[in-house]
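The block underneath contains the structure these notes are about, expressed in structure tokens.
Both backbone and side-chain heavy atoms feed into the values below; hydrogens, waters and symmetry mates do not.
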Amino acid sequence: HMPIKHSFSEHVMGEDSQQVTGEAQELWAKLKSSGVKEIITGHLHYASSYEIEGIRTYVVGAVTSERNNQTPRFTEFVSDGEKMRGEILVLEEQ
């Protein structure tokens, strides 16, 4: 649910727990050693993507305006069978 690492936010897996921080570090190491190239997370209420250490992270966003730093938006994922592409879709507020 929470990003394992983030390029600028401190809201990451283990932000309130040293034990969970250790688990996040172990998970990150396993993802890297397994050749994972992309992961999907939530929790931050805004849509974005960034790359750290060769792993692209997609933060999916939030479709409501409550507790959202952006206008409502979400990330749609499309796969051609070999590569996944995330596209941020902005919703019109009504």
Side-chain angles (χ1 to χ4, degrees):
H1 174 74
M2 293 183 75
I4 302 168
K5 291 188 175 197
H6 199 282
S7 58
F8 62 85
S9 177
E10 294 182 17
H11 294 297
V12 294
M13 186 177 165
E15 68 180 339
D16 295 323
S17 167
Q18 286 186 324
Q19 178 180 344
V20 178
T21 296
E23 293 169 359
Q25 291 169 345
E26 289 178 32
L27 177 58
W28 188 261
K30 287 180 182 182
L31 292 171
K32 284 188 61 154
S33 67
S34 298
V36 171
K37 300 292 183 203
E38 300 171 320
I39 60 175
I40 301 168
T41 71
H43 186 73
L44 299 180
H45 293 260
Y46 60 86
S48 65
S49 91
Y50 53 89
E51 188 171 316
I52 297 176
E53 298 176 24
I55 298 176
R56 172 145 306 274
T57 298
Y58 293 96
V59 182
V60 296
V63 295
T64 67
S65 55
E66 186 178 325
R67 294 179 53 203
N68 193 351
N69 295 326
Q70 300 170 314
T71 56
R73 60 191 66 201
F74 63 95
T75 306
E76 178 180 65
F77 296 94
V78 179
S79 174
D80 63 9
E82 293 184 26
K83 184 154 175 64
M84 178 178 67
R85 177 179 52 83
E87 180 179 336
I88 296 172
L89 301 175
V90 179
L91 302 176
E92 292 182 29
E93 289 195 70
Q94 299 187 16

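- Heavy-atom minimum distance, F77 versus G86: CD2-CA, 3.7 Å.
- Of the residues listed (I39, T57, T41), the one engaging I4 in a side-chain contact (heavy atoms from CB on, under 4.5 Å) is I39, and it is the only one.
- Sorted by first then second residue, the salt bridge (charged side-chain N to carboxylate O under 4.0 Å, His left out) pairs that include residues 1-30, not counting sequence neighbours, are K5-E53.
- Judged purely by atom type and a 3.5 angstrom limit, S9 uses its side chain to pair as donor or acceptor with the backbone of H11.
- The cluster map of Ile, Leu, Val, Met, Phe, Trp and Tyr, joined by side-chain heavy atoms under 4.5 Å apart, puts V12 and V60 in different clusters.
- Across every non-hydrogen atom of P3 and G42, the tightest pair is CD-O, 3.7 Å.
- You'll find the side chain of I88 stays beyond 4.5 Å of the side chain of Y58, heavy atoms only.
- Taken together through direct or relayed side-chain contacts under 4.5 Å among Ile, Leu, Val, Met, Phe, Trp and Tyr, V90 and V59 form parts of separate hydrophobic clusters.
- Separation of atoms CZ (R56) and CD (E38) is listed at 7.5 Å; rounding is to 0.5 Å.
- With sequence neighbours excluded, no residue satisfies side-chain hydrogen bond (donor to acceptor under 3.5 Å, both in side chains) with K37.
- Nearest heavy atoms, L89 versus E76: CD1-CB, 3.7 Å.
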